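Notes for the one structure printed next.
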Amino acid sequence: MNKYIIANLKMFQTTDMVSNYLDILSKIKDEKLILCPSNIYIPYYLEKGYTVGIQNVSSKDIGAYTGEISPLQASGIGITYVIIGHSERRLLGETDAIIQQKIVASLKHDLNVILCIGETSEEKHIKKDILSKQIQSALKGIPKEKISKLFFAYEPRWAIGTGIIPETKEIETTIHYIQTICFEFINSPVKIIYGGSVDENNISDLMQIKEIDGFLIGSASVDANRLLKIIEVTSK
Ligand code: PGA
């Protein structure tokens with residue numbers, strides 16, 4: 001695969017769907033394919049040898065935090081990626097400050113961090129300010145040697161689960177802007193992923209954007225056959 005494909009399966013699967021999903025995907029094993037199922041199914045994916053990401057983590061290592069999973073625990077069972085700051089978590093009250101603590105904690109345990117950033121539809125006119133604020137906050141306290149483990153996933157919040165995506169040219173400009181901002185702060189390039197309504201119909205167009213390192217895919221990744229079609233296009 002030439003690009004990272006990160007499947008955010010959210011809370012879409014049930015037990016009987018998991019084995020069928022893994023059967024259909026079984027011909028593809030690639031370290032750039034990262035599957036992020038619900039926590040309770042993670043062991044099944046690890047057993048099959050997939051690179052696995054967790055959809056959220058705590059900023060703490062250990063302690064009295066009911067319902068939480070720590071980066072220490074996640075890396076301990078072989079999880080290597082974590083999605084942080086997804087808009088569906090931000091909606092539950094996750095602030096940039098909480099997100100920054102989660103990033104620091106995850107990098108400490110050597111997890112690769114997929115940090116979601118992006119503007120709401122009301123914020124479209126101040127998109128650059130929003131992105132710049134989210135990036136600055138995320139980069140606070142990140143050791144330089146860990147930067148290669150940080151992926152910026154640009155996900156316009158209005159494009160998530162809606163079937164509406166920005167014009168290819170607009171994504172290209174935004175990605176360029178993110179790269180410029182990051183360079184100002186850390187003086188080195190970062191990996192940038194696009195997410196928000198990516199599917200088997202628009203992936204060829206999105207592949208025209210050279211600066212994209214990969215895609216974060218929600219609903220279209222829940223159907224293994226659709227995911228395979230996307231992988232096929234990104235592997236050409
Ligand atoms: P979507 O979700 O592909 O269904 O828009 C993307 C995401 O939530 O990361």
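Remember, it's 1-based here, ligands and their atoms both numbered in the order they're listed. Model, not experiment: these values are computed from the prediction. Counting begins at 1 with the first residue of the sequence.
Contact check for F151 versus I192: no side-chain heavy atoms found under the 4.5 Å cut-off. Residues I117 and E155 form no side-chain contact, since every pair of their non-hydrogen atoms from C-beta on lies 4.5 Å or further apart. Using a 4.5 Å heavy-atom cutoff, the side chains of I103 and I142 are in contact.
Backbone and side-chain nitrogen or oxygen atoms of T162 are examined, and none is located within less than 3.5 angstrom of a nitrogen or oxygen of ligand 1. In terms of polar-atom proximity, G218 is counted as a contact of ligand 1, with an N or O under 3.5 Å from an N or O of the ligand. Note: an N/O pair closer than 3.5 Å links S197 and ligand 1 by distance alone. Any N or O atom pair closer than 3.5 Å counts here, and L216 shares no such pair with ligand 1.
Taking the ring axis of Y50 as reference, the NZ or CZ atom of K29 stays within 45° of it and closer than 6.0 Å to the ring centre.
Atom numbering of ligand 1 starts at 1 in the shown order; those under 4.0 Å from a heavy atom of H86 are 7 (C), 8 (O), 9 (O). For ligand 1, the atoms sitting less than 4.0 Å from at least one non-hydrogen atom of K10 are 2 (O), 7 (C), 8 (O), numbered in the order shown with element in parentheses. Against a heavy-atom cut-off of under 4.0 Å, S219 is close to the following atoms of ligand 1: 1 (P), 3 (O), 4 (O). Close approach of ligand 1 to G196 (heavy-atom distance below 4.0 Å) involves ligand atoms 5 (O).
T120 and E123 are linked by a side-chain donor-acceptor pair at a separation below 3.5 angstrom, with hydrogens and angles left out of the test. No hydrogens or angles considered: a donor-acceptor pair under 3.5 Å links the side chains of E119 and W158. Using modelled atom types and a 3.5 Å distance limit, the side chains of Y194 and T174 yield no donor-acceptor pair.
Judged by distance alone, the side chain of K32 and the main-chain N or O of I5 form no donor-acceptor pair under 3.5 Å.
Atom 9 (O) of ligand 1 has its closest protein heavy atom at E155 OE2, 2.7 Å.
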Please walk me through it: do Y44 and S19 pass side-chain hydrogen bond (donor to acceptor under 3.5 Å, both in side chains)? CA-CA 8 Å; Y44 300 122; S19 62; over 6 Å; no
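Both the backbone and the side chain of I160 come within 4.0 Å of ligand 1, judged by heavy-atom distances. Only backbone heavy atoms of A159 (N, CA, C or O) come within less than 4.0 Å of ligand 1; its side chain stays farther off.
Taking a 4.0 Å cut-off on heavy atoms, G161 registers as neighbouring ligand 1. Distances from ligand 1 to the non-hydrogen atoms of A220 include no value under 4.0 Å.
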